[in-house]
Structure formats: C-alpha cells, structure tokens
A.B. asks: 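Questions regarding the structure given below will be posed in turn.
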Amino acid sequence: MTTSSSERGVSLGMPELPAPAYPDDVRARLESDAREVIARYPDSRSALLPLLHLVQSQEGHVTRTGMRFCADMLGLTTAEVTAVATFYTMYRRGPSGDYQVGVCTNTLCAVMGGDAIFESLQEHLGVGNGETTEDGKVTLEHIECNAACDFAPVVMVNWEFFDNQTPASVRRLVDDLRAGRPVTPTRGAPLCTFKETARILAGFPDERDGAVAAGGSAGPASLAGLKLAKGEASAARVVHPRDGGPHDAPQDRAVHDPSPTEHLSSHDAPQDTSASDPAHPAGPTAEEGE
C-alpha cells in the first residue's frame, strides 16, 4: 500500500510564476537607458553589472522583474542574471532605505571603535544588520574594508565617506538623515539617495551642481609610500620598537627618540576617533580564548 505525498506530510509546492513585466512607460524608459549602456561594450553581456544598477535605481533594489528585464535585454537566462545579482552585495534583494548606512567592522576600524559604533546604531535605530527603519529612511549594515584605514573608524552612506566617527557622531548623522536635514560627507561628492546613487553607478552622469568637481582623496598615511617613491618626502625616521628591544637601524643613521606626544605609526592618527567617546572605549570585548 502506498501513501500520497500529502499523507506523508510532504509539500511539493507550486512552481514560482514568471516575474511580472514593468509598466509600458517604465519599460520604454529603461529600454532606452539600457541600449545606451549596452552600446558601450563589444560584448553585450558585459553590460550586466551596470544594467543591474539601472534596474536597482527604479525600485531601490533588484526585483525579479528587474532581473527578467536584464535577461531580455542581454539575451541571457534569468538564472544567469540571478547568479550575478546574488553574488555581489552591492545589489539589494529586498526593499531598503533611502540611505544605506554601512559601518566598517573590518580589522582596523573594529579595533578603533567600529564594533561599538555598529552596536550603538542598532540600539539607536532599533534595527539589526540589513534591516530598515520603519520610516524607510535608513538601512543599517556592517561592511567590509573600504580602503580608508587611515580614517578609521569609517562609516559610509550610499558609498560616500564619513571619517573618524564615534558612536555619538553617527547617532547625530542618522538622526539628520531621518529628519531630512542637510548632511555633508567628509570627502567626495554631495550625498544623494540610494536610487540616485544606483543610477550614477549604472554609468549615467551626475548632473547635480558641483558633484563632479567634488572628490575624495587618500589620507597622508595612504600617500606616504607614493611620496617616498617620487622623492617628495624625506626618508622614514627610525624609532625604537614598541617592545623596547634591539633594532637593526644602520649605525650611521641617527636614531630618533620620539617624545610622548609623537605618534609612532600611521595608525596612531591624530584625528579624533572612538577614543574621544569615553562611554564607548575601543578595544577587545573579551579576553583571548573566551
């Protein structure tokens, strides 16, 4: 005697219906933009990444409709498009806020206070990683290194830099974003919404006044090696190791004894960091081995 799948408590489910199409006016506009993007590449499938940004600029995340559109425009299967859209974290798979607030929790930012900043924002906003506030303004996430270690701890809003942050400063930042008050990045272009950012990343010009002229730059620590290579800076000074042990400095070079007020490495940045907030000191949260 055999039993049916329903009798065994097994649900086979129903196949997912095809993604709905964009409204005619939206599709016509996106097709015009997409053809402009595709024309930049000798192989049309190379345009997939910017096209995903394009459809993300329509709804704020990459929908099944958006992936179907990309597949149709490039002659790909939806499976091929989905494989790319799910690989890169810059493509959102669900509704998200107008402002993507990313807290770097990679090594240097973490020890400089990134973990404390992230925990503070979770409590302040009442959301977890990847979640959006009820007003739809802010999506919070922790992010990997953004190559701005000399400004640690770093927070990014829609990929614009906010350097040398503290738990207190980022709470003010997200409050201003939610209230609609003007917010200016530490460096780089003026801030815009996530949808506007996605369209720029798709390769379309940023037509806001002064946006193109504005630009971020690397910090002094990042440029030290380049300046040495070009002969634009004096040779690095030799300091005693932190452990007080012997060093291998050439005998004909004067050894510099740093004063207590000097910084021993580029990581000891003179800018204010999380250490400025006594309520959230930087450092490990547990003893080694715990």
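Please read all numbers here as calculations on a predicted model, not as lab measurements. Heavy-atom basis, side chains included; hydrogens, waters and symmetry copies ignored.
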A.B. asks: So, using side chain to side chain donor-acceptor pair (under 3.5 Å) as the criterion, who are the partners of Asp72 when residues are at least two apart?
C.D. replies: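 Asp72 satisfies side chain to side chain donor-acceptor pair (under 3.5 Å) with no residue once adjacent residues are dropped.
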A.B. asks: Who are the salt bridge (charged side-chain N to carboxylate O under 4.0 Å, His left out) partners of Asp175, not counting sequence neighbours?
C.D. replies: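 Testing Asp175 for salt bridge (charged side-chain N to carboxylate O under 4.0 Å, His left out), a comparison that skips the adjacent residues, returns none.
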A.B. asks: When you compare the side chain of Thr63 with that of Val55, does any pair of heavy atoms fall below 4.5 Å?
C.D. replies: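 They are not in contact (no side-chain heavy atoms under 4.5 Å apart), so the answer is no.
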A.B. asks: Can you tell me how far the CG atom of Leu173 sits from the CD atom of Gln165, to the nearest 0.5 Å?
C.D. replies: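 One finds 6.5 Å between CG of Leu173 and CD of Gln165.
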A.B. asks: What's the spacing between Leu48 CG and Tyr41 OH if we round to 0.5 Å?
C.D. replies: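 It comes to 10.0 Å.
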A.B. asks: Show every donor-acceptor pair shorter than 3.5 Å between a side-chain atom in residues 19-28 and any protein atom, with sequence neighbours excluded, or say none if there are none.
C.D. replies:
unit_1	atom_1	unit_2	atom_2	d
Arg27	NE	Glu31	OE2	2.8
Arg27	NH2	Glu31	OE2	3.4

A.B. asks: Considering non-hydrogen atoms only, spot the tightest contact between Ala47 and Val37 and give its length.
C.D. replies: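 Closest approach of Ala47 to Val37, heavy atoms only: CB-CG1, 4.1 Å.
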A.B. asks: With no hydrogens and no angle check, is any side-chain donor or acceptor of Thr82 less than 3.5 Å from a backbone partner on Thr78?
C.D. replies: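 Side chain of Thr82 to backbone of Thr78: a pair is present.
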A.B. asks: Hey, which of Thr184, Val154, Val157 is the one that makes side-chain contact (heavy atoms from CB on, under 4.5 Å) with Phe162?
C.D. replies: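 Option passing the side-chain contact (heavy atoms from CB on, under 4.5 Å) with Phe162: Val157.
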A.B. asks: Identify the residue among Val84, Leu30, Ile38, Asp33 that makes a side-chain contact (heavy atoms from CB on, under 4.5 Å) with Leu51.
C.D. replies: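 Testing Leu51 for a side-chain contact (heavy atoms from CB on, under 4.5 Å) against Val84, Leu30, Ile38, Asp33 leaves exactly one candidate, Ile38.
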A.B. asks: Can you pull out every ring-ring contact (aromatic ring centres under 6.0 Å, His included) where at least one residue sits in residues 45-68? Sequence neighbours excluded, please.
C.D. replies: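 Qualifying pairs, neighbours excluded: His53-Tyr91.
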A.B. asks: Using 0.5 Å steps for rounding, measure from the NE2 atom of His124 to the CZ atom of Arg172.
C.D. replies: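 Between His124 NE2 and Arg172 CZ, I get 10.5 Å after rounding to 0.5 Å.
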A.B. asks: Grab the two heavy atoms, one from Gly60 and one from Ser96, that are nearest each other, plus how far apart they are.
C.D. replies: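 Of all heavy-atom pairs spanning Gly60 and Ser96, the closest is O-OG, 3.3 Å.
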A.B. asks: Check side chain to side chain contact (heavy atoms under 4.5 Å, CB included) between Ala85 and all other residues, then give those that pass, not counting sequence neighbours.
C.D. replies: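 Partners of Ala85 by the side chain to side chain contact (heavy atoms under 4.5 Å, CB included) criterion, ordered by chain and then number, come out as Leu52, Val62, Met67.
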A.B. asks: Between Val174 and Leu121, does the side chain to side chain contact (heavy atoms under 4.5 Å, CB included) criterion hold? Intermediate values first, please.
C.D. replies: CA-CA 8 Å; Val174 295; Leu121 280 182; 3.9 Å; yes
A.B. asks: How long is the straight-line distance from CD1 of Ile200 back to OG of Ser57, given to the nearest 0.5 Å?
C.D. replies: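 Interatomic distance, Ser57 OG to Ile200 CD1, rounded to 0.5 Å: 10.0 Å.
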A.B. asks: Please list, one pair per line, the donor and acceptor atoms closer than 3.5 Å that link side chains of residues 125-132 to other protein atoms, with sequence neighbours excluded.
C.D. replies:
unit_1	atom_1	unit_2	atom_2	d
Asn129	OD1	His142	N	2.9
Glu131	OE1	Gly128	N	2.6
Thr132	OG1	Thr139	OG1	2.7

A.B. asks: Got a sec, which residues hit side chain to side chain donor-acceptor pair (under 3.5 Å) with Glu134, two or more places apart in sequence or on another chain?
C.D. replies: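 Not a single residue meets the side chain to side chain donor-acceptor pair (under 3.5 Å) criterion with Glu134.
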A.B. asks: Got a second to check how far Ser169's OG is from Ile117's CD1, nearest 0.5 Å?
C.D. replies: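 The CD1 atom of Ile117 is 6.0 Å from OG of Ser169, to the nearest 0.5 Å.
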A.B. asks: If I take atom CD from residue Glu160 and atom CD from residue Gln100, how far apart are they, to the nearest 0.5 angstrom?
C.D. replies: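 Glu160 CD to Gln100 CD: 13.5 Å, rounded to 0.5 Å.
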A.B. asks: For Gly114 and Pro153, which heavy atoms make the closest approach, and how far apart are they?
C.D. replies: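 Where Gly114 meets Pro153 most closely, the heavy atoms are N-CB, 4.0 Å.
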A.B. asks: If every non-hydrogen atom of Ala34 is compared with every non-hydrogen atom of Leu54, which pair is closest and at what distance?
C.D. replies: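 That would be N-CD2, 3.9 Å.
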A.B. asks: Considering non-hydrogen atoms only, spot the tightest contact between Ala152 and Asn164 and give its length.
C.D. replies: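 Closest approach of Ala152 to Asn164, heavy atoms only: O-OD1, 3.6 Å.
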A.B. asks: Mind checking what makes salt bridge (charged side-chain N to carboxylate O under 4.0 Å, His left out) contact with Glu141, not counting sequence neighbours?
C.D. replies: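 Testing Glu141 for salt bridge (charged side-chain N to carboxylate O under 4.0 Å, His left out), a comparison that skips the adjacent residues, returns Arg92.
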A.B. asks: Using modelled atom types and a 3.5 Å cut-off, is there a donor and acceptor pairing between side-chain atoms of Asn146 and backbone atoms of Glu144?
C.D. replies: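 Flag set: sc Asn146 to bb Glu144 pair under 3.5 Å.
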A.B. asks: Could I get the full list of side chain to side chain contact (heavy atoms under 4.5 Å, CB included) partners for Thr193, not counting sequence neighbours?
C.D. replies: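 By the side chain to side chain contact (heavy atoms under 4.5 Å, CB included) rule, Thr193 matches Tyr99, Lys195, Glu196.
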A.B. asks: If you look at every heavy atom in Phe194 and Met90, which pair is closest and at what distance?
C.D. replies: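 That closest heavy-atom pairing would be CZ-O, 4.4 Å.
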A.B. asks: What residues form a side chain to side chain donor-acceptor pair (under 3.5 Å) with Asp98, not counting sequence neighbours?
C.D. replies: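 Result, side chain to side chain donor-acceptor pair (under 3.5 Å) vs Asp98: none returned.
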A.B. asks: Considering only heavy atoms from C-beta outward, does the side chain of Leu177 approach that of Leu191 to under 4.5 Å?
C.D. replies: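 Yes, side chains in contact.
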A.B. asks: Just grab all the salt bridge (Lys or Arg N to Asp or Glu O under 4.0 Å) pairs involving residues 38-51, residues at least two apart or on different chains.
C.D. replies: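 For residues 38-51: Glu36-Arg40, Arg45-Glu80.
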A.B. asks: Measuring only between side-chain heavy atoms, which start at C-beta, is Asn158 closer than 4.5 Å to Cys192?
C.D. replies: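 Side-chain contact under 4.5 Å: no.
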A.B. asks: Checking Thr65 now: which residues fulfil side chain to side chain donor-acceptor pair (under 3.5 Å) with it, not counting sequence neighbours?
C.D. replies: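 Here no residue qualifies.
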